Amino acid sequence: VYPEKDQSLPARYARVIATFREPSVDKALEQLDTLLAKHPDDGYFWELQGQILMESGQPAPARIAYIKALELLENAPLIEGDLARAELAINTKESNKSALLHMKSAIHTLGNSAFAWRQLATAQGRNNMSGALALSLAEEALLRNRLKDAIQQAKRSQHHFKRRAPGWLRALDIEELAKRRLRDRKR
């Protein structure tokens with residue numbers, strides 16, 4: 001679709017992705033570096049660099065690329081979630097704290113993603129937030145339609161929140177919704 005003689009920006013961008021999928025990580029990164037040299041303010045090029053680095057097992061440089069992408073793209077919850085994933089892969093005290101902040105921010109947009117709830121739960125677990133961890137696992141289980149797990153995690157999380165606190169109320173909502181869905185299954 002995009003022959004080498006086509007030097008348009010979309011063609012060059014597409015070839016970077018195709019080269020990465022071959023897979024030829026080093027060559028794809030070289031091609032992408034050429035694009036970034038000419039377009040250093042393109043957040044999507046930085047995001048692609050982060051993706052390539054992350055998928056090739058290099059979370060530390062991926063983190064740097066995702067941070068740059070977020071600086072350039074003001075409202076990018078998917079990229080913020082990818083940044084958190086890279087930080088969780090780095091797995092230091094500092095990166096886990098940062099991942100928690102980024103996932104808390106991203107989950108507002110990604111709330112229908114079971115994977116995002118799992119990432120948030122991982123960050124919460126690494127930051128010793130047992131109640132929030134169980135609540136996030138309940139959210140994930142509900143989205144995956146694992147209703148017994150949702151009930152179990154919701155009950156577990158309720159023990160960590162004050163009665164009628166927002167987390168306690170959400171856990172109660174999840175528990176009741178999961179129980180209702182289980183009853184509906186039996187009909």
Side-chain angles (χ1 to χ4, degrees), residues 17 20-21 23 44 47-48 50-63 65-67 69-70 73 75-187:
I17 295 168
F20 172 59
R21 297 290 177 214
Y44 295 106
E47 183 269 338
L48 179 58
Q51 179 185 353
I52 291 171
L53 291 165
M54 188 64 192
E55 289 183 19
S56 63
Q58 301 176 63
R63 179 188 195 191
Y66 284 133
I67 288 170
L70 277 177
L73 303 167
N75 185 16
L78 289 172
I79 295 172
E80 195 166 17
D82 288 338
L83 170 58
R85 190 168 56 95
E87 290 173 327
L88 289 171
I90 293 168
N91 196 16
T92 64
K93 187 174 183 177
E94 182 265 330
S95 70
N96 289 330
K97 281 184 180 183
S98 182
L100 177 63
L101 295 174
H102 290 295
M103 279 312 302
K104 278 183 174 181
S105 173
I107 204 71
H108 295 293
T109 302
L110 306 176
N112 288 329
S113 165
F115 179 75
W117 283 107
R118 173 58 69 153
Q119 293 298 294
L120 179 57
T122 300
Q124 290 163 330
R126 290 185 186 171
N127 285 280
N128 301 312
M129 302 171 69
S130 302
L133 160 65
L135 184 56
S136 293
L137 290 175
E139 295 277 8
E140 178 205 13
L142 189 63
L143 286 167
R144 294 189 189 278
N145 213 25
R146 293 190 337 248
L147 302 176
K148 290 180 182 178
D149 291 341
I151 293 166
Q152 179 186 17
Q153 292 296 341
K155 285 180 177 180
R156 180 176 291 146
S157 73
Q158 289 173 28
H159 298 294
H160 296 275
F161 294 107
K162 289 184 180 178
R163 190 171 180 80
R164 303 204 190 292
W168 184 87
L169 290 170
R170 180 59 187 151
L172 193 61
D173 287 345
I174 291 170
E175 180 183 356
E176 291 304 315
L177 180 58
K179 285 178 179 178
R180 189 174 333 126
R181 287 183 184 173
L182 278 173
R183 282 191 303 268
D184 290 347
R185 272 188 192 169
K186 292 177 183 178
R187 290 182 189 172

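Just so it is clear, the structure is predicted and the values come from calculations on it, not from any experiment. Worth knowing before you read on, the calculation uses all heavy atoms, side chains too, and leaves out hydrogens, waters and symmetry mates. Start at 1 with the first residue, then count along the sequence.
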Exercise for the section: Measure the spacing between CD of Glu80 and CG of Leu101 and express it to the nearest 0.5 Å. Expected result: 9.0 Å
Problem - side-chain contact (heavy atoms from CB on, under 4.5 Å) between Arg126 and Leu88, intermediate numbers included - result: CA-CA 9 Å; Arg126 290 185 186 171; Leu88 289 171; 3.7 Å; yes
Exercise for the section: Please determine if Arg187 and Asp184 form a salt bridge, counting it only when a charged side-chain N lies under 4.0 Å from a carboxylate O. Expected result: yes
Problem - CA sep, side-chain torsions, deciding dist, call: Glu140, Phe115, side-chain contact (heavy atoms from CB on, under 4.5 Å) - result: CA-CA 7 Å; Glu140 178 205 13; Phe115 179 75; over 6 Å; no
Handout entry: Whether Thr122 side chain and Arg118 backbone form a donor-acceptor pair below 3.5 Å
Key = yes
Problem - Leu73 side chain near Asn75 side chain, heavy-atom distance below 4.5 Å - result: no
Problem - Atom pair CD1/CZ of Ile151 and Arg156 - distance to nearest 0.5 Å - result: 13.5 Å
Practice task
For residues Lys97 and Asn127, determine if any side-chain heavy atom of one lies less than 4.5 Å from a side-chain heavy atom of the other.
Solution key: yes
Problem - Salt bridge flag under 4.0 Å for residues Glu94 and Arg63 - result: yes
Practice task
Begin from the C-alpha positions of Ser98 and Ser95 and carry the test side chain to side chain donor-acceptor pair (under 3.5 Å) through to its verdict.
Solution key: CA-CA 5 Å; Ser98 182; Ser95 70; over 6 Å; no
Handout entry: Close side-chain approach of Leu135 and Ile174, heavy atoms under 4.5 Å
Key = yes
Problem - Gln51 and Glu55: CA distance, side-chain angles, deciding distance, side-chain contact (heavy atoms from CB on, under 4.5 Å) verdict - result: CA-CA 6 Å; Gln51 179 185 353; Glu55 289 183 19; 3.0 Å; yes
Problem - Polar contact flag, side-chain donor to acceptor under 3.5 angstrom, Gln158-Glu175 - result: yes
Exercise for the section: Could you grab the distance from atom CG of Leu169 to atom CZ of Phe161, nearest 0.5 Å is fine? Expected result: 10.5 Å
Handout entry: Close side-chain approach of Leu78 to Glu47, heavy-atom, < 4.5 Å
Key = no
Handout entry: Partner set under salt bridge (charged side-chain N to carboxylate O under 4.0 Å, His left out) for Arg146, not counting sequence neighbours
Key = Asp149
Handout entry: Euclidean distance, Met103 CE relative to His108 NE2, rounded to 0.5 Å
Key = 10.5 Å
Handout entry: Under-4.0 Å salt bridge between Arg170 and Glu139
Key = yes
Problem - Test item: Leu143 and Trp117 side chains (from C-beta on) under 4.5 Å apart, heavy atoms - result: yes
Exercise for the section: Could you tell me which residues satisfy salt bridge (charged side-chain N to carboxylate O under 4.0 Å, His left out) with Arg180, sequence neighbours excluded, listed by chain and number? Expected result: none
Fill in the blank from the handout: Between the CZ atom in Arg21 and the CD1 atom in Ile52, the distance rounded to the nearest 0.5 Å is 8.0 Å
Completion exercise
Tightest non-hydrogen contact, residues Ser157 and Ala134, listed as CB-CB, 3.6 Å
Practice task
Measure the shortest side-chain to side-chain distance between Tyr66 and Met54 over non-hydrogen atoms and say whether it is less than 4.5 angstrom.
Solution key: yes
Completion exercise
Heavy-atom nearest pair, Ala171 first then Ala154, reads O-CB, 3.3 Å
Exercise for the section: Would you mind reporting whether Leu120 and Leu110 have side-chain heavy atoms less than 4.5 Å apart? Expected result: no
Exercise for the section: Taking the side chain as every heavy atom from C-beta outward, state whether Asn128 and Leu133 have any pair of such atoms under 4.5 Å apart. Expected result: no
Exercise for the section: Go through Gln153 and Leu142 one step at a time and tell me if the side-chain contact (heavy atoms from CB on, under 4.5 Å) criterion holds. Expected result: CA-CA 10 Å; Gln153 292 296 341; Leu142 189 63; over 6 Å; no
Completion exercise
Between the NZ atom in Lys155 and the CG atom in Leu172, the distance rounded to the nearest 0.5 Å is 10.5 Å
Problem - Residues, nucleotides or ligands: over 12 heavy atoms within 6.0 Å of Arg164 CZ - result: no
